[in-house]
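Take this structure first; my questions come after.
This chain uses plain numbering: 1 for the first residue, then up along the sequence.
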Amino acid sequence: MVKNVDQCFPKPKRMSSNSLLSSLQVLSGCAIIVRGQPRGGPPPERQINLSNIRAGAMARRAAQGQPDTKDTPDEPWAFQAREFLRKKLIGKEVCFTVEIKTALGREYGMVYLGRDTTGENIADSLVNEGLATVRREGIRGNNPDQARLCELEDQAKASKKGLWSEGGGTHTIRDIKYIIENPRNFIDSLHQRPINAIIEHVRDGSVVRALLLPDYYLVTVMLSGVKCPTFKREADGAESPEPFAAEAKFFTESRLLQRDVQIILESCPNQIILGTILHPNGNITELLLKEGFARCVDWSMAVYTQGAEKLRAAERSAKERKVRIWKDYVAPTANLDQKDRQFVAKVMQVVNADAMVVKLNSGELKTIHLSSIRPPRIEGEEKNKDKDKRFRPLYDIPYMFEAREFLRKKLIGKKVNVTVDYIRAATGPGEGTPAFSERTCATVTIGGINIAEALVSKGLATIIRYRQDDDQRSSHYDELLAAEARAIKNGKGLHSKKEVPIHRVADISGETQKAKQFLPFLQRAGRSEAVVEYVFSGSRLKLYMPKETCLITFLLAGIECPRSSRNMPGGMQVAEPFSDEAMLFTKELVLQREVEVEVESMDKAGNFIGWLHIEGVNLSIALVENALSKVHFTAERSAYYKTLVSAEESCRQRKEKIWANYEEKPVEEVVHVTEEKERVANYRAVYVTEICDTLHFYTQDVETGGQLESLMETMRAEIASQPPVEGSYAPRRGDICIAKFADGEWYRAKVEKVESPAKVHVFYIDYGNREVVSSTRLAAMPPAFGTRILPAQATEHAFAFIQVPQDEDARADVVDCIVRDIQNSQCLMNVEYSGVTCPHVTIQFGDTKDDVGLGLVKEGLVMVDVRKEKHLQKIVTEYLNSQESAKSARLNIWRYGDFRADDADEFGYRR
């Protein structure tokens with residue numbers, strides 16, 4: 001036998017060349033197979049038949065393909081005789097003497113347990129137990145061995161042992177089952193419980209024939225998860241072994257043949273029984289892999305119950321040591337240094353569902369592909385549909401957007417651990433297949449989570465299947481397969497039977513008309529949520545607006561960024577200095593991040609202009625602070641002007657980047673004669689319909705009030721004559737519809753949010769109030785009464801020269817006071833200046849012409865918001881004087897004196 005490579009299996013000892021051998025197999029009660037010590041390969045085998053005795057013949061299956069033959073059952077006590085010898089001899093050293101060798105080469109002799117003839121005589125033991133009979137017909141009187149056997153047989157007869165017991169021994173005949181009618185049901189019924197078995201035959205290193213106990217099923221079992229080299233049968237019937245096939249078979253035989261084992265039957269695909277053999281001293285599957293006699297196979301790895309990672313680790317060990325079938329193995333990452341094989345990097349961009357751009361510690365950008373996964377794709381007829389339509393993979397391929405968003409939200413801006421699994425070589429274009437550049441494929445983890453596995457488990461990617469000899473795959477391939485199996489079982493994502501999600505995303509980049517229609521909505525919205533999809537330059541970006549489901553081109557307001565190189569009609573425009581640095585800065589800060597934007601205006605090409613904020617950082621200011629942009633004169637009218645100018649001046653003084661060659665020009669004193677702009681007081685009559693908690697309020701123009709009343713009367717009359725069917729209208733965010741208010745009347749409204757059919761948030765566009773209603777109280781807007789016939793009548797305003805109190809109780813007092821004084825009453829209103837979301841106005845009572853805001857200041861309910869415009873100084877002074885009077889009288893918020901000196905920021909006030 002070969003020297004054992006694992007301490008868990010018994011080690012054979014060195015034997016003499018002639019009569020000292022190891023017992024390999026017991027064929028019957030009177031025949032065994034022995035072999036010597038292996039030298040350079042499996043050792044030769046010899047069959048020894050015991051002289052002078054005969055044991056019962058073992059059962060034999062009918063020859064295949066010969067219908068006339070029948071199965072031959074055991075002779076009485078034949079199996080018990082075989083078992084007696086098997087348990088006594090298998091794996092033990094034996095000594096034998098050959099007495100007769102027939103012309104056909106069959107050898108007869110005596111076998112002794114141990115290293116010499118002083119050991120136990122096996123024939124004597126069999127006869128003594130009544131498990132064999134003595135061949136008396138050939139007895140010679142002078143042979144003491146034969147005489148002793150006859151004496152032992154007589155004693156066994158007298159004791160009625162074995163063959164000599166009463167009853168004929170019919171109870172010792174096995175009912176062997178060579179065929180299992182429904183193997184799948186049989187295996188399922190065992191529930192993967194270990195069952196006792198004897199290995200009767202080893203076909204090759206990974207396929208055995210086992211006798212299952214106690215029901216005597218004789219089954220062929222293939223080891224789950226592995227495959228050894230095999231013996232191929234040629235056309236002439238001869239067998240030709242693959243490299244290491246004989247060694248693998250010997251390895252398994254020497255450890256399992258005719259040993260008592262336990263088998264876990266795990267699956268039965270295509271009538272092939274897969275299982276794991278458990279020996280008291282170890283697991284043969286793992287040992288075959290570790291010693292390079294087998295390779296892992298994916299199709300049966302999934303059913304292996306003892307931990308697939310153990311098999312992969314054993315195979316990896318053999319590959320690293322280059323033993324046996326792996327002697328010529330070259331690792332996929334063998335040419336990479338350790339630092340290039342494993343590294344930490346920051347994710348800068350998610351390209352699609354299986355690729356991302358990362359930034360290394362050196363500052364280099366590198367594209368990484370997730371190993372062994374395939375992103376969502378369109379196949380078959382869908383691939384050729386809508387060829388004329390502009391194809392956008394991110395939105396048009398089912399689940400591509402969900403997969404990209406999953407990775408974006410998990411990874412963007414985060415540090416990840418990258419382990420390179422293999423480098424996929426570049427491929428040229430083929431028939432129907434595109435060309436691919438070289439790809440670095442890796443396993444990416446964050447916080448111990450394998451991102452590819454998480455993606456697959458949600459059904460947002462599938463696993464690539466490989467040829468068995470293709471080693472370029474993920475180092476966690478089995479976990480990926482298991483994740484895909486779970487996703488299929490649970491019907492997740494790509495494996496769902498539900499309707500495929502559709503993303504209708506309007507791209508209004510460069511669409512001037514659409515942009516004009518959209519501009520007022522974005523201006524009124526104030527700060528809107530967005531995702532930066534692409535960075536064209538330091539100040540030009542493409543944004544995805546999730547609430548509005550559209551794409552827009554966005555230009556940063558207030559700055560002048562260096563231009564990148566561009567194709568122009570007259571040729572290529574050369575890039576300005578630091579344009580690439582500005583673009584890289586913007587990419588690192590905002591690409592694929594969630595941001596907030598304030599849209600102020602648009603240019604003639606349909607691009608929106610405004611301010612972009614990310615985590616409290618204004619991108620325009622950040623570019624100026626990093627000397628990558630200059631302040632544009634249009635910033636003068638913004639609230640960020642002072643900050644921008646201060647940052648620019650600081651960079652200019654340090655002569656950084658774009659200011660490196662700056663030379664300060666001498667300032668000439670010029671006396672500017674300016675005409676002071678006068679405040680225009682153009683009060684008009686309005687009706688205050690709604691006052692919000694933020695001190696914003698809605699008004700209707702008195703002049704158009706008659707039109708609204710007339711339209712409402714006509715609309716309600718028409719609805720009364722043709723009432724809408726309750727529940728027939730399905731509201732969607734942004735819809736203009738009609739809603740039934742608490743007074744039972746119908747009003748024009750806009751849907752702002754749909755939580756559920758029972759909770760729909762609506763805004764009454766002619767009155768400014770909001771309500772949460774059931775969809776049964778909503779109906780489609782009759783075309784004759786839409787906003788094209790009469791625009792929305794409620795207009796939002798804020799009080800000029802007033803700071804809204806941050807304290808909730810103080811603010812509630814102000815709101816109560818205003819509601820009491822002006823809600824649902826006619827007033828006079830004058831626009832003083834514009835704000836971020838709405839105009840700031842002064843309001844006068846309709847009868848006394850007293851300023852409402854000034855009255856709030858006089859009562860000490862609010863503080864003054866000091867404006868710097870020269871034409872407003874007169875009215876601001878009046879407000880400040882009133883504030884001083886209230887402060888002196890300790891009214892309301894001033895009752896504890898001037899609190900602003902120490903705690904202005906804490907209280908949310910500014911002086």
Side-chain angles (χ1 to χ4, degrees), residues 1 12-37 43-58 74-166 168-169 172 258:
M1 290 180 68
K13 299 178 175 60
R14 184 170 294 278
M15 299 169 287
S16 61
S17 58
N18 51 8
S19 61
L20 184 60
L21 299 171
S22 177
S23 175
L24 169 67
Q25 186 177 6
V26 177
L27 301 177
S28 68
C30 58
I32 65 172
I33 293 178
V34 295
R35 65 179 170 202
Q37 181 73 18
E45 300 172 358
R46 292 175 71 175
Q47 178 176 329
I48 304 297
N49 301 283
L50 298 178
S51 299
N52 302 318
I53 66 169
R54 181 186 179 281
M58 298 282 287
D74 289 330
E75 290 184 1
W77 296 97
F79 179 67
Q80 285 69 23
R82 199 289 300 263
E83 284 295 275
F84 177 82
L85 287 191
R86 183 182 70 82
K87 293 176 181 178
K88 189 175 283 291
L89 298 181
I90 288 298
K92 306 287 179 59
E93 283 185 338
V94 295
C95 177
F96 70 91
T97 58
V98 177
E99 296 179 351
I100 301 171
K101 186 170 183 179
T102 66
L104 297 175
R106 179 172 287 195
E107 295 180 309
Y108 291 87
M110 303 299 287
V111 177
Y112 302 91
L113 189 60
R115 302 181 65 85
D116 52 41
T117 57
T118 60
E120 179 182 346
N121 187 316
I122 298 303
D124 288 358
S125 299
L126 279 167
V127 173
N128 187 53
E129 294 297 325
L131 297 174
T133 58
V134 180
R135 297 179 183 269
R136 293 178 181 260
E137 62 274 12
I139 291 178
R140 296 186 294 276
N142 58 353
N143 189 322
D145 292 331
Q146 291 177 327
R148 186 175 66 256
L149 287 172
C150 292
E151 184 181 339
L152 291 171
E153 183 181 50
D154 292 338
Q155 291 174 8
K157 287 179 180 178
S159 302
K160 296 184 178 181
K161 288 184 179 180
L163 290 162
W164 315 113
S165 61
E166 296 176 354
T172 65
Q258 288 203 328

With sequence neighbours excluded, residues passing salt bridge (charged side-chain N to carboxylate O under 4.0 Å, His left out) with Arg106:
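Result, salt bridge (charged side-chain N to carboxylate O under 4.0 Å, His left out) vs Arg106: none returned.
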Inset, instruction - Among Asn49, Val94, Val34, Asn121, find the one that has a side-chain contact (heavy atoms from CB on, under 4.5 Å) with Val111. - result: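 So, applying the side-chain contact (heavy atoms from CB on, under 4.5 Å) to Val111 and each of Asn49, Val94, Val34, Asn121, only Val94 qualifies.
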Partner set under side-chain hydrogen bond (donor to acceptor under 3.5 Å, both in side chains) for Glu83, not counting sequence neighbours:
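Arg86.
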I'd like to check the side-chain hydrogen bond (donor to acceptor under 3.5 Å, both in side chains) partners of Thr102; sequence neighbours left out, ordered by chain and number.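 side-chain hydrogen bond (donor to acceptor under 3.5 Å, both in side chains) list for Thr102, sorted by chain: empty.
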For the side chain of Gln146 and the backbone of Asn52, is there at least one donor-acceptor N/O pair under 3.5 Å apart?
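Between the backbone of Asn52 and the side chain of Gln146 there is no qualifying donor-acceptor contact (under 3.5 Å).
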So if I apply the side-chain contact (heavy atoms from CB on, under 4.5 Å) rule between Leu50 and each of Ile32, Val127, Ile122, which one comes out positive?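 Result: among Ile32, Val127, Ile122, Ile122 is the only option passing the side-chain contact (heavy atoms from CB on, under 4.5 Å) with Leu50.
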Item checked: Non-neighbouring partners of Gln80 that pass side-chain hydrogen bond (donor to acceptor under 3.5 Å, both in side chains), sequence neighbours left out ->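 With sequence neighbours excluded, Gln80 shows a side-chain hydrogen bond (donor to acceptor under 3.5 Å, both in side chains) to no residue whatsoever.
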Can you sort out the partners of Asn128 under side-chain contact (heavy atoms from CB on, under 4.5 Å), two or more places apart, ordered by chain and number?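 Per chain and number, Asn128 pairs via side-chain contact (heavy atoms from CB on, under 4.5 Å) with Leu152, Gln155, Lys161.
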Item to complete: Kindly give the heavy-atom pair with the smallest separation between Glu93 and Leu113, and that separation in Å.
Response: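 Glu93 and Leu113 have their closest heavy atoms at O-CD1, 3.9 Å.
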(Q) Could you work out, with salt bridge (charged side-chain N to carboxylate O under 4.0 Å, His left out) as the rule, every residue matching Lys88, not counting sequence neighbours? (A)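 Lys88 satisfies salt bridge (charged side-chain N to carboxylate O under 4.0 Å, His left out) with Glu120 only.
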Next item on the list: List for me each residue that meets side-chain hydrogen bond (donor to acceptor under 3.5 Å, both in side chains) alongside Ser51, sequence neighbours excluded, and say none if there are none.
Entry: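 Checked Ser51 against side-chain hydrogen bond (donor to acceptor under 3.5 Å, both in side chains); matches are Glu99.
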Going by the rule side-chain contact (heavy atoms from CB on, under 4.5 Å), which residues pair with Leu163 if we only count those two or more places apart in sequence or in a different chain?
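Scan of Leu163 (side-chain contact (heavy atoms from CB on, under 4.5 Å), adjacent residues dropped) gives Trp77, Thr133.
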Test salt bridge (charged side-chain N to carboxylate O under 4.0 Å, His left out) applied to Glu151 - qualifying residues, sequence neighbours left out:
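Testing Glu151 for salt bridge (charged side-chain N to carboxylate O under 4.0 Å, His left out), a comparison that skips the adjacent residues, returns none.
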Sequence neighbours left out, what passes ring pair (Phe, Tyr, Trp, His ring centres under 6.0 Å) with Phe84? Give chain and number order.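 By the ring pair (Phe, Tyr, Trp, His ring centres under 6.0 Å) rule, Phe84 matches no residue at all.
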Might you point out which heavy atoms bring Arg35 and Pro44 nearest each other, and give the distance in Å?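 The answer is CB-O, 3.2 Å.
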Using the salt bridge (charged side-chain N to carboxylate O under 4.0 Å, His left out) criterion, which residues pair with Lys160? Sequence neighbours excluded.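 Salt bridge (charged side-chain N to carboxylate O under 4.0 Å, His left out) check on Lys160 returns Glu166.
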